[in-house]
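Below: the structure, in structure tokens.
Side chains included, hydrogens not; waters and symmetry mates left out as well; all remaining heavy atoms used.
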Amino acid sequence: MPRPPDIGWQYGTMIGGHRHHVKCNYCHRIMIGGITRFKKHLASKRGEIKGCEAVPKEVREIMAHHLATRKPRRPNKRRRKTAEGTLAAPASTNLGMESDASDPDMIDAGQEVLTFNEAEVHSQRTAEQQFEVGTRGFLDAFASIQYKDEQDFMPPRATDIGWVHGVMVNGDRQKIECKYCHKVILGGGISRLKQHLAGERGNIAPCDQVPEDVKTQMQQHLGFKGLENCSIQQTIEEYNGDAPNATSTSSMAASYKRREKDVNEGNSNKRKKADMLYIPQGLALPKPTMHLSFVSQENTDQADTAVAKFMYEAGIPLTAANSLYFQRMADAIAAVGPGYKMPSYHSLKGKLLSRCTTELGEFSKELRKSWEVTGCTVMVDRLKDTAGRSIINFFVYCPKGTMFLRSVDVSHIETNLDDLVDLFESIIQDVGSRNIVHFLSDSAPWYKAAGKVLMDKYRTFFWSVCVNHCIELMLKGLCEMDEVNGTLTKAKKISQFLYNDAWLLDLLKRNTEGKDIIRPAMAQSVMDFLTLQNIFSFRGSLQQMFASNTWEESVLSKQKLGMDVKDIVFDLQFWHSCGKIIKVSEPLTRVLCIADSGEKPSMGFVFDAFEKAKRDILLAFDNQESDCLRYLEVINHVRDEFHSPLHAAACYLNPSIFYNSKFSITNVIQKGLLDCIETLEPDLTAQDNITKHKSFYEDALGDFSRPMALRGRETLHPATWWSMYASDYPELQRFAVRILSQMCSMTAFKRSTYINDTVHSSKNRIEAAMLNDLTFVHYNLHLQQRQPVATESKGFKNEEHDLISPDNYNAGDWIDDPGMLEMEGINLLDATPITAIDKVGNTSDGNLVNNDLITN
């Protein structure tokens, strides 16, 4: 170790083999500047470096006495000649910041310095200049390391990033030549050069030759000052509400701003000590956020652990990590920097909730403006909370977006037709009867009755059953058939066996390229058939897995449950039944995909999708209707409840379907079109014009015959197509756009159990109003996050999901524990393969056993 006699090395550690990089053994802070500066840190000598807060008192006294009695060091007077004949200071042996950038030790040490909360930059500066470095951060300080070759054209020990792009003229730091436009800047120093490069007008003309990346770098660099001012003002506002003496805090901030201005503009070092900023201990000044590449893995792990502990302790569902706002929250906190004070409980339920409610209220107003043009669909989402209450959430859909309207507890009125009609009527008055085209609910008897009453009363809109609900009823009807139920039971036995053992699950994913065989969905019946389709597609992989030597050598292969599952996998009759069921279920799930396509309104596609599904089922059975008659009876029974004139009229108005050579106008479509004209257009003259002008559409005349219109039949959404090419027939255009802009299915997303349980639990009027606002914000933020794509109810979810987590879509009996194995009473979760496993987890055949259940 260099200079072993020096007493300072007893309390510090050299970093990276550099004597100028010293790590304190007490506070673990790294000092750049040598052992003398480190001893000043231990002695808490004011003026040059921050004192150590963890150093023992006796060590501090030893260091203070040592510094007071040591002899002053003689200055180094050696100089070297520059090209212009001027004298420049040599690179100091104590200046770690100006080491060669190619030195790997220097780079490693520089990065290690940035892993701590604070670090010290070696310099012969006054206390005010040290404050400048502390607030500017280390990005600027280290940026000049790589430009050591040009040091002769910079001031001695220059660390400002601006010197990379400018050259001193005749050794005068107040005369700087821009490297790009060669303009000589007189007065103002390096700060004025940076303003010149950043393009800031007012003090100096912008540089017209500066590269864009340099200009952006300078703008970001100068933006630190504005960020610090804004962050400090925010901190002051927090303290103004809590601190007893807000005036003194405000004056302190004003003093800080004055001092910062003096430092940044390069004023003289001769300043009065009385001007030094005093910062109260409770007020942490914000610091600029360091770039992620300078953050150590240790600090990242600590941040991750802090987030995890918060989630675990507060009982927040882990699926909250999938929220769009999760990362946004982290980025916003990082932008403020250390010292950010999280909002309090009262702020979250008070001003912040009010602010979000106001913002989303403005968003809702924008949606309401579009209802008059495109019409809208009112959605009645009925559910049961954990307390057994019947809750209705009302949503309103239009092509511009979906909004949550309100949530109502209908436990006491659900079976009373008059009360239910009154409730729905209040929603109609809120939305506007002329704006509503479609009223959507499930098939519960009281809801159907209330919908028909309102439809007969207003005669301006149509009520129908949600397509998702219809598909669910069809699939439930199929599940009640003995053959289907028996096949699903066997398929679930395979899934339960695989998803309750970590080793088995790892073996499965090695054979399926990391894919799951379970397809999550909002409804249990939909998930049953999606998963059955998935298992059928992995038939070869499953058979390969259970025929492998790895399986045969395992304990599970000798157990009764394992043998039963293997028999199912190799049972030809089982796979034959699966294929037969999938011939019926797959066309229905395709209808579900079309109906719940959030990218575009689905009204124009559903009628044809159902007709096509029936044709596909017949075709799958070689047009032998007798073979699939019992399946079609279930489908047709539900279909009759679902049918609405809107679906038929929308099919007629969809150019991609109407102009298809296979399309023909049936009696159902013709009557549906006429019903819609009479209901949605009360003006008799407009009705006549629509009836007359539809022949232009049927014969593709006028703008309907344009080449763009012909190409747009397949590429444009039907409502968009009508808005572009039917301007000569405004009544027909408005009629078509309003029908084709509607949705046939509920906007599906996972309901919040906490929100639904709490919103109707309070009997206090003030608390109830707050909970209503919370529900309004929750649902509308979620709707904003997921628009315009809605895919969750189909099993194709965009975010990460964990099939075994109770926080996600419930995989139900597909992952239930099948219980104890019958032989030897071995619990399935404890079963391990027979192959020898060494201490590091490797099997005797060289394969690594992966016990992570859900990382793939």
Side-chain angles (χ1 to χ4, degrees), residues 13 15 23-30 50 52-54 108-119 134 137-139 227 231 234-235 238 281-348 352 502 505-506 514 750 752-754 778 781 785 797-808 829 839-841 848-856:
T13 306
I15 299 297
K23 178 180 177 181
C24 178
N25 292 343
Y26 301 107
C27 66
H28 306 293
R29 195 173 291 129
I30 293 181
K50 183 176 180 180
C52 180
E53 299 175 354
D108 294 341
Q111 291 178 343
E112 187 168 356
V113 169
L114 294 175
T115 65
F116 294 90
N117 294 331
E118 294 181 46
F138 295 98
L139 298 180
L227 176 61
S231 301
Q234 180 182 358
T235 308
E238 293 284 344
Q281 184 176 359
L283 180 59
L285 291 177
K287 300 178 181 179
T289 306
M290 281 188 279
H291 194 274
L292 189 60
S293 61
F294 290 101
V295 180
S296 70
Q297 185 60 43
E298 180 182 359
N299 285 354
T300 302
D301 292 343
Q302 290 177 355
D304 290 345
T305 304
V307 173
K309 287 181 178 179
F310 165 71
M311 301 277 282
Y312 304 153
E313 191 276 333
I316 298 173
L318 302 185
T319 48
N322 294 327
S323 170
L324 171 69
Y325 299 96
F326 190 61
Q327 184 60 44
R328 287 186 181 180
M329 174 184 69
D331 292 341
I333 294 174
V336 176
Y340 171 72
K341 184 179 179 182
M342 297 292 282
S344 65
Y345 164 78
H346 295 288
S347 295
L348 288 171
L352 294 177
L505 187 57
D506 179 75
K750 190 177 181 184
S752 170
T753 304
Y754 170 77
H778 165 75
L781 283 177
Q785 175 180 339
K797 303 198 306 155
N798 292 327
E799 72 264 7
E800 299 177 20
H801 61 275
D802 177 1
L803 298 173
I804 302 177
S805 171
D807 295 331
N808 277 281
L829 294 176
K839 294 182 180 179
V840 296
L848 182 66
V849 177
N850 182 6
N851 290 321
D852 190 350
L853 213 56
I854 35 182
T855 54
N856 294 324

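Closest heavy-atom contact between Pro317 and Met311: O-CE, 3.8 Å. Looking at every heavy atom in both residues, Leu348 comes nearest to Leu352 through CD2-CD1, 3.9 Å.
Applying the side-chain hydrogen bond (donor to acceptor under 3.5 Å, both in side chains) definition to pairs two or more places apart or across chains, none involves residues 307-318.
Scanning for salt bridge (Lys or Arg N to Asp or Glu O under 4.0 Å) contacts around Glu53 gives Lys50, with sequence neighbours left out. Annotation: side chain to side chain contact (heavy atoms under 4.5 Å, CB included) contacts of Tyr26 (sequence neighbours excluded): Tyr11, Cys24, Leu42, Cys52, Ala54, Val55, Pro56, Val59. For Ser344, the side chain to side chain contact (heavy atoms under 4.5 Å, CB included) partners two or more places apart in sequence, or in a different chain, are His346, Ser347. For Ala314, the side chain to side chain contact (heavy atoms under 4.5 Å, CB included) criterion is met by Phe310, Ile316, not counting sequence neighbours. In this structure Asp304 satisfies the side chain to side chain donor-acceptor pair (under 3.5 Å) test with no other residue, sequence neighbours excluded.
Side-chain contact between Gln302 and Asn299 is present, with heavy atoms from C-beta onward closer than 4.5 Å.
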